[in-house]
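What you see is a predicted model, and the numbers here were worked out from it, not measured in a lab. Only this structure's heavy atoms are used, side chains among them; waters, hydrogens and symmetry mates stay out. Labels below follow one simple rule: chain letters A, B, ... track the order of the sequence lines, proteins then strands, and each chain is numbered from 1.
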2 protein chains.
Amino acid sequence: MIQKAIHSLSVPTRRDILSVLRNGELTSSEIASKFELSAPAISQHLKVLEQSGLVAMRKAGTKRYYRIRRDGFEELVKFIDQFWDTSLLSLKEAAEEEERRNHESND
Amino acid sequence: MIQKAIHSLSVPTRRDILSVLRNGELTSSEIASKFELSAPAISQHLKVLEQSGLVAMRKAGTKRYYRIRRDGFEELVKFIDQFWDTSLLSLKEAAEEEERRNHESND
DNA sequence: TCTTTATTTAAGTTGACACTTAATTAAGTA
DNA sequence: TACTTAATTAAGTGTCAACTTAAATAAAGA
């Protein structure tokens, strides 16, 4: 799921779709109207976003409303934190970091 | 840079490289020895990671030591937070969220 | 300077995936 | 039972990038 979430986010169009959804839920066609892409293209992106847990959907008649799913983003950020969060890094890496700071050859 | 960072993270091998670097800095060949990939493949990944700001490098003779660059991850997480952080979502979306909670048809 | 070690750059191949149009499914309405 | 609206699934195409091996660069040692 996390891997799918990162993969989802890596495509600009999908990030744009998420941006649009920050203002509230929208139907597939409402989203499509904001892009210069075909409806199937948007539908395919929404499917990917849903399967990655970043977006949720509710049906209402023939319409399908899509919205941001916070839990998905929360999990994603937690996962990314593993790579750099000080409290999660090894003692060795922490020591190296300190060493670099002392030598002021940082970055 | 942020877009590059997300793109970098979207490839499993690059995430694995970052995992290996959590224990401290390593040379290109030390990293390559931990994978069943050619040295050039690893080198290419390291280049992408460096250009995306997730990894930093220092030269020492013919060796090149690579390490995690915290600032890159910090920026990345800030960017991702935009999509879901409550304080950054619109009033409309907040209201809809509240509405869904009340109807308990949430997820 | 020749050799060795560490690494990258060059060039080419292959698979994944973001698009397209056409066809299909699904729900509501006359 | 059509017809309309909303959306997806199917099928095909083209581009991109993750690999490969071979060649090039760069620093250090004999």
Spacing between B:Gln51 atom CD and D:dA17 atom P, to the nearest angstrom: 12 Å

task: Take B:Tyr66 and B:Ile17 through the side-chain contact (heavy atoms from CB on, under 4.5 Å) test and state the conclusion after the steps.
output: CA-CA 10 Å; B:Tyr66 290 90; B:Ile17 290 175; over 6 Å; no

- request: Going 5' to 3' through nucleotides 18-30 of chain D, assign each nucleotide B (protein heavy atom under 4.0 Å from a base atom), S (under 4.0 Å only from sugar-phosphate atoms) or - (no protein heavy atom that close).
  value: SBBBB----BS--

message: So, taking the atom named CG in A:Leu21 and the one named CD in A:Glu30, what distance separates them when rounded to the nearest 0.5 Å?
response: 10.0 Å

message: I'd like to know whether NZ of B:Lys92 has more than 12 heavy-atom contacts from other residues, nucleotides or ligands below 6.0 angstrom.
response: yes

message: Looking at B:Glu96, is its backbone amide N or carbonyl O close enough to the side chain of A:Glu25 to form a donor-acceptor pair, meaning the two atoms are under 3.5 Å apart?
response: no

field: Stepwise side-chain contact (heavy atoms from CB on, under 4.5 Å) check, A:Arg64 with A:Leu46
entry: CA-CA 11 Å; A:Arg64 296 188 182 194; A:Leu46 288 170; over 6 Å; no

Test log, rule side-chain contact (heavy atoms from CB on, under 4.5 Å), inputs B:Leu76 and A:Trp84: CA-CA 11 Å; B:Leu76 175 60; A:Trp84 72 284; over 6 Å; no

salt_bridge(B:Arg101, B:Glu98) N-O dist < 4.0 Å: yes

message: Tell me if a side-chain donor or acceptor on A:Arg58 pairs with a main-chain N or O of A:Tyr65 at a distance below 3.5 Å.
response: no

Leading and trailing nucleotides of DNA chain C with any atom under 4.0 Å from heavy atoms of chain B: C:dA6 to C:dA10

query: Between the axis at one end of the helix from C:dT1-D:dA30 to C:dA30-D:dT1 and the axis at the other (five pairs apiece), what's the angle to 10 degrees?
result: 10°

- request: Measure the spacing between CG of B:Leu54 and CD of B:Glu75 and express it to the nearest 0.5 Å.
  value: 9.0 Å

field: Residues which pass salt bridge (charged side-chain N to carboxylate O under 4.0 Å, His left out) with A:Glu93, listed by chain and number, not counting sequence neighbours
entry: A:Arg100

Sugar-phosphate, base or nothing in reach of B:Phe35, heavy atoms under 4.0 Å: nothing

Heavy-atom donor-acceptor pair, B:Arg15 side chain to B:Leu9 backbone, under 3.5 Å: yes

Residues that A:Arg70 engages under salt bridge (charged side-chain N to carboxylate O under 4.0 Å, His left out), provided they are two or more places apart: B:Glu97

query: Contacts to DNA chain C from residues 26-34 of chain B, heavy-atom cutoff under 4.0 Å, which residues?
result: B:Thr27, B:Ser28, B:Ser29

message: Using only atom types and a distance under 3.5 Å, with no angle test, would you say the side chain of A:Arg14 pairs donor to acceptor with the backbone of A:His45?
response: no

